[in-house]
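Quick notes on the structure that follows.
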2 protein chains.
Amino acid sequence: MEGMSRWSPNARGRLEQAAYELFLDQGYEQTTVADIAKRAGLTERTFFRHYADKREVLFGGSAALRDELLRVLEGLPPALPTIEAVRVAVEAMSSLMNGRRAVARERHRVVAAHADLQERELIKRATLTAALAQALHRRGVPEPTASLAADMGMAVFYVGFGHWLDDPADRELVEIVHEGFDQLKAVASGT
Amino acid sequence: MEGMSRWSPNARGRLEQAAYELFLDQGYEQTTVADIAKRAGLTERTFFRHYADKREVLFGGSAALRDELLRVLEGLPPALPTIEAVRVAVEAMSSLMNGRRAVARERHRVVAAHADLQERELIKRATLTAALAQALHRRGVPEPTASLAADMGMAVFYVGFGHWLDDPADRELVEIVHEGFDQLKAVASGT
DNA sequence: CTCGTGATGGCAGTTACTGACATGAGGATA
DNA sequence: TATCCTCATGTCAGTAACTGCCATCACGAG
């Protein structure tokens with residue numbers, strides 16, 4: 001039952017590793033799924049058993065973000081104003097990126113260069129946003145407030161993320177996101 | 001120079017029309033590009049000369065939205081607070097949907113049923129958001145305020161759009177969006 | 001020892017999409 | 001009128017993403 005892998009272990013991880021290496025080395029478009037599978041010591045058919053499509057191999061980490069976002073939100077006192085709850089949860093999610101800016105930059109370079117991958121990134125964001133909106137709804141926040149608050153929270157996160165990648169200083173993402181919420185309030189209040 | 005079409009006129013329009021008919025009749029996945037071209041009296045190769053890919057045929061209208069959004073924004077007095085400028089422009093864009101709810105619903109049904117199409121819709125939204133942010137920047141709004149304001153404006157639009165489609169009453173989208181901006185301000189101020 | 005399970009390989013097929021070249025209608029020009 | 005030129009379209013071959021189906025084979029359970 002806990003017997004782990006019967007073949008070479010961690011096939012999925014090997015595929016992801018091989019994909020990253022090839023994408024960075026020779027580009028995303030120039031890399032075929034057969035190439036990736038070969039480097040991982042597997043076949044193309046097996047790749048598609050682990051990842052729904054070629055793009056998905058770059059988005060394995062998105063589940064962790066969602067889990068942290070929802071986990072933290074669940075533990076927050078119900079009395080907390082919506083925007084503050086969103087802020088705490090999004091900041092917790094942001095802290096998962098601590099110390100990973102170099103990796104994030106490399107990955108972002110690949111994604112930014114291909115419309116295909118940007119589309120996938122956007123749907124991951126939308127999924128995250130929807131999950132947040134639904135969680136807020138469970139907290140008792142009515143629609144469309146829940147959706148708007150979720151959208152605002154994710155906007156602060158992603159806008160901050162973009163600036164974090166470019167930031168010449170070494171500030172952590174959490175810090176940038178924290179300030180982002182202050183700016184959000186300022187903008188919305190008409191300053 | 002103004003000689004118009006030398007072959008059967010409006011090839012692009014015929015392709016779009018054929019695509020809509022087939023998508024609604026037999027589904028998006030079940031329709032091949034060859035099917036669409038055949039119904040339009042053209043070949044598959046010609047389809048790809050008019051549309052970059054199969055999905056794009058469903059997104060011909062997005063350019064009009066962007067044009068209206070930017071056109072209205074350009075004409076606004078510079079003194080107007082950012083959020084109010086965004087509000088006016090987004091409401092103008094929303095009014096383009098006046099009386100088109102039935103069509104919008106049909107199209108939305110197709111798009112909602114296929115992850116591929118949702119991805120494309122999201123990147124159109126992102127493009128629109130980026131264009132708005134850039135236009136705000138030209139108005140003198142600094143970053144990241146411009147990006148945040150653009151994101152908020154588009155969030156209000158799309159959240160409102162979703163509710164408009166479901167709304168049992170016959171309110172126009174502009175009206176819903178207008179109220180959305182009020183709610184946005186309320187949420188952001190911590191109510 | 002046998003049998004079942006589950007991850008993998010092998011393979012054929014479909015379809016989206018691309019590059020290269022051919023065709024032919026109509027307008028411009030001599 | 002005759003000739004050329006442009007450009008939307010047709011034709012065709014090719015690539016690569018993805019899928020369905022069946023075979024294989026290591027390992028654990030009995």
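As the structure is a computational prediction, the values presented were derived from the model and not from experiment. Labels below follow one simple rule: chain letters A, B, ... track the order of the sequence lines, proteins then strands, and each chain is numbered from 1.
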Ignoring hydrogens, what is the shortest heavy-atom contact between [X] and [Y]? Give both atom names and the distance.
X: A64(B); Y: L96(B); result: O-CD1, 3.8 Å
X: K54(B); Y: F48(B); result: N-CE2, 4.3 Å
X: V156(B); Y: V177(B); result: CG1-O, 3.6 Å
X: V57(A); Y: F23(A); result: CG1-CE1, 4.0 Å
X: R139(A); Y: P77(A); result: NH2-O, 3.0 Å

Closest to side chain of [X], choosing from [options]:
X: K54(B); options: dT8(C), dA16(C), dG10(D); answer: dA16(C)
X: A11(A); options: dT9(D), dT8(C), dG19(C); answer: dT8(C)
X: F48(B); options: dA17(D), dC17(C), dG10(C); answer: dC17(C)
X: R49(B); options: dG10(C), dC21(C), dT18(C); answer: dC21(C)
X: T43(A); options: dT9(D), dC17(C), dG10(C); answer: dG10(C)

So, with a heavy-atom separation below 4.0 Å from DNA chain D, the residues of residues 107-124 of chain A are none
Margin query: Does anything in residues 20-39 of chain B come within less than 4.0 Å of DNA chain D? Heavy atoms only, and list the residues if so.
Written below: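 Within this stretch, nothing sits under 4.0 Å of the strand.
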Practice task
Would you check if there is a donor-acceptor pair between the side chains of Q183(A) and E179(A) at a distance under 3.5 Å?
Solution key: no
**Pair D35(B)-T32(B), side chain to side chain donor-acceptor pair (under 3.5 Å): steps then yes or no** = CA-CA 5 Å; D35(B) 291 339; T32(B) 71; 3.3 Å; yes
- Message: Using five base pairs at each end to define the local axes, how bent is the helix from dC1(C)-dG30(D) to dA30(C)-dT1(D), to the nearest 10°?
- Response: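 What I find for the helix from dC1(C)-dG30(D) to dA30(C)-dT1(D) is an axis angle of 0°.
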I'd like to know if E121(B) and K124(B) make a salt bridge, using a cut-off of under 4.0 Å between side-chain N and carboxylate O.
no
| task | Test the R12(B)-Y51(B) pair against the cation-pi criterion, namely NZ or CZ under 6.0 angstrom from the six-membered ring centroid and within 45° of the ring axis. | result | yes
Going through the checks in order, is the salt bridge (Lys or Arg N to Asp or Glu O under 4.0 Å) test met by D53(A) and R120(A)? CA-CA 11 Å; D53(A) 54 50; R120(A) 181 56 50 87; 3.0 Å; yes
Can you find a side chain N or O atom of H50(A) that sits less than 4.0 Å from OP1 or OP2 on dA7(C)?
no
Exercise for review: Evaluate the criterion salt bridge (Lys or Arg N to Asp or Glu O under 4.0 Å) for residue pair R55(A) and E119(B); output intermediate values, then yes/no.
Suggested key: CA-CA 12 Å; R55(A) 310 174 194 170; E119(B) 288 187 348; 2.8 Å; yes
Starting from [atom2] on [N], measure out to [atom1] on [X] and report it in whole angstrom.
X: E44(A); N: dA12(C); atom1: CD; atom2: P; answer: 14 Å
X: L58(B); N: dA16(C); atom1: CG; atom2: P; answer: 13 Å
X: R45(A); N: dT19(D); atom1: CZ; atom2: C1'; answer: 6 Å

